[in-house]
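Below is one structure; the comments refer to it alone.
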There are 2 protein chains.
Amino acid sequence: MVVNRIEQKCIQKGLRMTEQRKVIAQVLSSSHDHPDAEKLYRRSNAINNSISLATIYRTLKLFSNNGILEKHEFKDGKSRYETVYKDHHDHLIDIETGKVIEFQDEEIEKLQEKIANKLGYNIINHRLEIYAVKKNK
Amino acid sequence: MVVNRIEQKCIQKGLRMTEQRKVIAQVLSSSHDHPDAEKLYRRSNAINNSISLATIYRTLKLFSNNGILEKHEFKDGKSRYETVYKDHHDHLIDIETGKVIEFQDEEIEKLQEKIANKLGYNIINHRLEIYAVKKNK
DNA sequence: TTATATGCAAAACATTTGCACTTGA
DNA sequence: TCAAGTGCAAATGTTTTGCATATAA
C-alpha cells in the first residue's frame, strides 16, 4: 500500500504506526467529507475488522493533538473530523442535508482580529459556522 | 412577586405558567451570565426545592423553541443559555476564565450574507465564536 | 375536568477509561 | 525488550424519556 498523506504526517511527527492507525489514516486521506467517529469506525472496520471504536476515538484525539486533524462540533450532536492540509476556512452547513461547504474570506478574518483587539484580547481560535438552506427551491 | 420579563413573554406565547416555570423564568431574568443547565438547576432549586433537573431541561427546551431563550454550545461540553431580549450578537469566550463577552458587528453580518448568497444559500442561523486570551499579561 | 406538566429513576447517546493482553520499533 | 497501543466492557457526563402522579386553566 502506498503511504498516504496522513501517514506521512504521522511518521514525520514520530508517531508509532500501528496497523490500526495506518487504516484510519488511509480512510481519512480518502474521505473528502466531514465524517463523525461512527462513520470513520464503519469505514475503517470495513477494511480491517480488528479496529474498535475506542481506538477510533483515541486515534482521532491523537491526530487532532498533533495538528493532523481538525475536530468540529457542529450543531448536530456529534463531532466531525477533517484533515488539515488546506488553508484555514470556515463552514456553511446545509441544515437540510448535513452537507458542509467550506469557504474562506480574508475580510472576515481581519474583522475578527479587529474586534478581539478592541476588546483587549488576542484570538487563539475561532469558529464561524453558517447554517443555511439552498435558495430557489 | 412582580411578573418578570421572561414570564411576560411566556404569557404572551400562551404557555401554561406553572410554579416551576415561574421560578425558572425569574432565575433566567436575573441571570446576566450564560449559565448551563446545572447552574440554573442549582439557582432555581435554591428558591423552590421541588424543581427537578428534568424540568429544567424540559423548560429550557420549551423556552428555546419559543424564542425566549438562546441555547449556545461553546467548546466546554455543556450547553449554556441566554435570554433573548437583546439585539443579535456574537460571543468572545475568554478561554482562561470561561467569561463570555458579547459583541456585534454589522459588517461581519453583511459579509456572511454575501458569502452565503454567493454559494447559493439563505442563512437560517449562524454561529461566530472567538476564543481568546487577554492581552498584556 | 382534563390536557399538560412534573418528579423520579432509568435510558440514551457520544465519548472516555481501567485493565489485561498485544505489538511496533 | 518493553513502552506504547489495543479490545473489551464498564464508566462517564450531559441530556432525554416512560410512567404514575399532580396541577393549571
Side-chain angles (χ1 to χ4, degrees), chain A residues 1 3 6-7 10-27 34-66 68-81 98, chain B residues 1 3 6-8 10-27 34-42 44-66 68-81 98:
Chain A
M1 190 202 296
V3 172
I6 301 211
E7 196 173 335
C10 290
I11 293 165
Q12 178 186 320
K13 296 264 180 188
L15 301 181
R16 190 195 274 191
M17 286 320 288
T18 64
E19 202 40 48
Q20 288 86 338
R21 289 185 186 169
K22 281 183 197 164
V23 172
I24 297 169
Q26 182 197 332
V27 167
H34 294 65
D36 58 35
E38 187 64 34
K39 199 168 271 178
L40 288 169
Y41 172 58
R42 271 183 274 124
R43 291 178 189 170
S44 302
N45 202 266
I47 295 173
N48 179 333
N49 72 352
S50 83
I51 292 177
S52 71
L53 186 52
T55 292
I56 296 286
Y57 276 110
R58 281 190 274 234
T59 303
L60 290 176
K61 185 174 281 178
L62 178 77
F63 287 2
S64 293
N65 291 345
N66 281 277
I68 295 169
L69 282 186
E70 247 179 64
K71 177 182 178 182
H72 300 298
E73 298 169 275
F74 303 141
K75 300 193 175 194
D76 60 356
K78 42 192 72 176
S79 297
R80 298 163 70 169
Y81 299 82
Chain B
M1 190 202 296
V3 172
I6 300 210
E7 197 173 333
Q8 272 176 31
C10 290
I11 293 166
Q12 179 185 318
K13 296 265 179 187
L15 301 182
R16 191 193 274 189
M17 286 319 289
T18 64
E19 203 40 49
Q20 288 87 338
R21 289 185 186 170
K22 282 182 197 164
V23 172
I24 297 169
Q26 181 196 332
V27 167
H34 294 66
D36 57 37
E38 187 63 34
K39 200 168 270 179
L40 289 168
Y41 172 59
R42 271 184 272 123
S44 303
N45 203 266
I47 295 173
N48 180 331
N49 72 353
S50 84
I51 293 177
S52 71
L53 186 54
T55 292
I56 297 285
Y57 276 109
R58 282 191 273 234
T59 304
L60 290 176
K61 184 173 280 178
L62 178 77
F63 287 2
S64 293
N65 290 344
N66 280 277
I68 294 169
L69 282 186
E70 249 179 62
K71 177 180 178 184
H72 299 297
E73 298 169 275
F74 301 142
K75 300 192 176 194
D76 59 356
K78 43 190 70 176
S79 296
R80 298 163 72 171
Y81 298 83

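Every chain is numbered from 1, with letters handed out A, B, ... down the list of sequences. Just so you know, these numbers use all the heavy atoms, side chains as well, and skip hydrogens, waters and symmetry mates.
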- Item | Separation of A:Lys22 NZ from A:Ile51 CD1 (nearest 0.5 Å) | 12.0 Å
- Query: Taking NZ from A:Lys61 and P from D:dA4, how many angstroms apart are they, rounded to a whole number?
  - Reply: 18 Å
- Nearest 0.5 Å please: distance from the CZ atom of A:Arg42 over to the CG atom of A:Leu53. 10.5 Å
- Counterpart residues, side-chain hydrogen bond (donor to acceptor under 3.5 Å, both in side chains), relative to B:Arg80 (two or more places apart): B:Asp76
- Query: In Å and rounded to the nearest 0.5 Å, what is the CG to CG distance from B:Leu40 to B:Asp36?
  - Reply: 7.0 Å
Under 3.5 Å, which donor-acceptor pairs do the side chains of residues 58-65 of chain B form with other protein atoms, sequence neighbours left out?
from: B:Thr59; atom 1: OG1; to: B:Thr55; atom 2: O; distance (Å): 2.7
from: B:Ser64; atom 1: OG; to: B:Leu60; atom 2: O; distance (Å): 2.9
from: B:Asn65; atom 1: ND2; to: B:Lys61; atom 2: O; distance (Å): 3.4

- Taking atom P of C:dA14 as reference, at what distance in whole Å does atom CG of A:Asp36 sit? 8 Å
- Does A:Ser79 make a side-chain N or O approach to OP1 or OP2 of C:dT15 shorter than 4.0 Å? yes
- Note on the structure: With sugar-phosphate taken as primed atoms, P, OP1 and OP2 and all else as base, the protein-contact string of nucleotides 19-25 of chain D at under 4.0 Å (heavy atoms; B, S, -) is ----BBS
- Task: Among C:dT17, C:dA9, C:dT15, find the nucleotide with the atom closest to the side chain of B:Ala54.
- Result: C:dA9
- Message: Tell me the interatomic distance from B:Leu60, atom CG, to C:dT6, atom P, rounded to whole angstroms.
- Response: 12 Å
- Query: Which one, D:dT15, C:dA9, D:dT6, comes nearest to the side chain of A:Thr59?
  - Reply: D:dT6
- Between atom NE2 of A:His72 and atom OH of A:Tyr81, what is the distance when rounded to the nearest 0.5 Å? 10.5 Å
- Item | Under 4.0 angstrom between B:Tyr57 side-chain N/O and D:dT16 OP1 or OP2 | no
- Message: Can you see if the side chain of A:Lys78 gets near the phosphate of C:dC13 - specifically, an N or O under 4.0 Å from OP1 or OP2?
- Response: no
